[in-house]
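Atoms within a ligand are numbered from 1 in the order they appear, just like the ligands themselves.
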Amino acid sequence: MTDQAPPAYSGPRRVLSGVQPSGALHLGNYLGALVKFARLQHEVETFIFVADMHAITVWQDPKLLAGQVREITAAYLASGLDPKVATIFPQSAVPQHAELAWIFNCVARLGWLDRMTQFKEKSGKHKERSSVGLYTYPVLQAADILLYKATEVPVGDDQRQHLELTRDVAAKFNHDFEVPGFFPLPEALTQGPGARIMSLRDGSAKMSKSDPSDNSRLNLLDDADAIAQKIRKAKTDPEPLPATLEELKDRPEAENLVGVYAALDGRTSEAVLAEFAGQGFGAFKPRLADLAVAKLGPVSEEMRRLMADPGEIDRVLADGAERARAAAAPILAEVRKIVGFWGA
Ligand code: TRP
């Protein structure tokens with residue numbers, strides 16, 4: 001007998017992702033995550049949550065946390081996520097995440113977590129003063145995903161390593177407990193328009209909520225004046241726009257602004273260049289600002305409307321949490337049996 005590969009997971013496709021409620025959302029989150037979620041919900045069963053349990057791996061003001069959860073939810077809804085189609089919920093309202101995370105803490109190996117680059121970045125020089133939760137953060141993330149047997153996870157490039165760890169946890173669980181194909185080995189969906197929106201001040205750095213310069217990003221709650229001003233101030237070069245993407249290779253800021261235009265307008269960068277070839281940024285930037293205001297204005301307006309009456313958001317979250325708990329329950333019940341817990 002030769003060694004056979006274990007049977008692959010054969011369940012249905014499911015999409016799951018989450019955003020942490022820590023800091024304002026920006027254009028990169030919108031194009032790289034929220035718009036993608038809204039598109040995927042019509043193709044595959046979709047679970048989208050607010051990762052408040054991940055947020056508290058670093059200090060969060062308890063007076064602000066629930067409000068931040070509502071703000072992310074408002075952004076989800078304003079970006080087109082439909083609570084009748086997708087299941088939208090706060091992570092902490094589904095206690096099964098924590099329960100599965102504990103079991104996975106006993107599956108994942110210290111060596112795996114030691115390799116996680118995000119922990120190294122976030123813990124900085126004083127690793128011993130970081131919370132234990134920050135260290136096991138990727139294990140909770142694996143639980144988030146596998147609790148629903150999600151097969152696809154739309155995330156930024158920076159989450160690839162956490163998805164690898166999720167696959168390692170799934171494979172080791174399936175192997176150690178001799179339940180081949182029980183958990184899927186989920187894939188990161190990192191491609192597509194808006195996958196990599198860069199800082200407006202530095203074309204080599206990702207647009208980020210932790211950048212100290214607010215001019216580096218367009219926040220979803222920026223008003224039209226702020227958007228126009230940030231685009232006017234965006235770093236560029238003196239050359240006119242070329243006709244091909246190839247010629248933008250060594251001009252990261254120019255390439256980024258063309259990419260932002262393309263993603264906002266639902267076109268390719270090539271199509272944008274075909275229109276603007278030969279024009280300088282003096283002409284391009286006002287057009288980009290108009291487009292950004294036209295696309296982001298309605299999103300921030302809807303977010304403000306929703307946040308003015310949190311009742312609607314809270315109903316969405318309560319209903320989503322109930323549906324998420326119901327989806328998680330049978331899977332966790334099986335896991336408890338597989339592990340051999342009393343009464344399972
Ligand atoms: N770690 C993710 C981030 O920073 C957030 C997250 C937590 C997540 N759990 C997840 C994303 C599960 C996708 C799936 O952005």
- Message: Between ligand 1 and Ser17, is the shortest N or O to N or O distance under 3.5 Å?
- Response: no
- Query: Which atoms of ligand 1 sit under 4.0 Å from any heavy atom of Val155?
  - Reply: 11 (C), 13 (C)
- Message: I need the single residue from His97, Gln159, His54 that forms a side-chain hydrogen bond (donor to acceptor under 3.5 Å, both in side chains) with Gln141. Which is it?
- Response: Gln159
- Query: Applying a 4.0 Å heavy-atom criterion (strictly less than), which segment of Gln91 is in contact with ligand 1: side chain, backbone, both, or neither?
  - Reply: neither
- Phe276 and Tyr261: aromatic ring centres closer than 6.0 Å? yes
- Task: Could you tell me whether some N/O pair between His162 and ligand 1 is separated by less than 3.5 angstrom?
- Result: no
- Query: Against heavy atoms of Leu16, which atoms of ligand 1 measure under 4.0 Å?
  - Reply: 12 (C), 14 (C)
- Task: Could you see which bit of Tyr148 sits under 4.0 Å from ligand 1, with heavy atoms only: side chain, backbone, both or neither?
- Result: neither
- Query: Do Glu301 and Arg304 come within less than 4.5 Å of each other through their side chains, counting heavy atoms only?
  - Reply: no
- Message: Under 4.0 Å from a heavy atom of Phe49: which atoms of ligand 1 are those, numbered in the order shown and with their elements?
- Response: 9 (N), 10 (C), 12 (C)
- Message: Could you work out, with side chain to side chain contact (heavy atoms under 4.5 Å, CB included) as the rule, every residue matching Ala143, not counting sequence neighbours?
- Response: Leu100, Ala101, Phe104
- So the atoms of ligand 1 within less than 4.0 Å of a heavy atom of Ile145 turn out to be 12 (C), 14 (C)
- Message: Counting C-beta onward and ignoring hydrogens, is there a side-chain heavy-atom pair between Val155 and Ser17 closer than 4.5 Å?
- Response: yes
- Task: Quick one: look up the protein heavy atom nearest atom 2 (C) of ligand 1 and list residue, atom name and how far away it is.
- Result: Gln159 OE1, 3.5 Å
- Verify the ring-centre separation between His175 and Phe182: is it less than 6.0 angstrom? no
- Protein residue, atom and distance nearest to atom 5 (C) of ligand 1, heavy-atom basis: Gly18 O, 3.7 Å
- Judging by distance only, is a nitrogen or oxygen of Gln118 under 3.5 angstrom from one on ligand 1? no
- Note on the structure: min-distance protein heavy atom vs atom 1 (N) of ligand 1 -> Tyr137 OH, 2.7 Å
- Atoms of ligand 1 close to Gln20 [distance to a heavy atom under 4.0 angstrom, numbered from 1]: 4 (O)
- Message: Using 0.5 Å steps for rounding, measure from the CD1 atom of Ile72 to the CG atom of Leu317.
- Response: 11.0 Å
Enumerate donor-acceptor pairs with a distance under 3.5 Å from any side-chain N or O in residues 318-326 to protein atoms, sequence neighbours excluded.
{"from": "Asp319", "atom 1": "OD2", "to": "Arg323", "atom 2": "NH1", "distance (Å)": "2.8"}
{"from": "Arg323", "atom 1": "NH1", "to": "Pro83", "atom 2": "O", "distance (Å)": "2.9"}
{"from": "Arg323", "atom 1": "NH2", "to": "Pro83", "atom 2": "O", "distance (Å)": "3.2"}
{"from": "Arg323", "atom 1": "NH2", "to": "Ala86", "atom 2": "O", "distance (Å)": "3.0"}
{"from": "Arg323", "atom 1": "NH2", "to": "Thr87", "atom 2": "OG1", "distance (Å)": "3.4"}
{"from": "Arg325", "atom 1": "NH1", "to": "Ala93", "atom 2": "O", "distance (Å)": "2.8"}

- Query: What residue and heavy atom of the protein are closest to atom 9 (N) of ligand 1, and at what distance?
  - Reply: Asp144 OD2, 2.7 Å
- Note on the structure: Counting from 1 in the order shown, the ligand 1 atoms closer than 4.0 Å to a non-hydrogen atom of Val153 are 13 (C), 14 (C)
- Message: Please give me the minimum heavy-atom distance between Ile331 and Arg14, naming the atom from each residue.
- Response: CD1-NH1, 4.3 Å
- Task: Would you name the heavy atoms of Ala289 and Ile231 that are closest together and state the gap between them?
- Result: CA-CD1, 3.6 Å
- Closest non-hydrogen protein atom to atom 8 (C) of ligand 1, residue and atom name please, with distance? Gln141 NE2, 3.6 Å
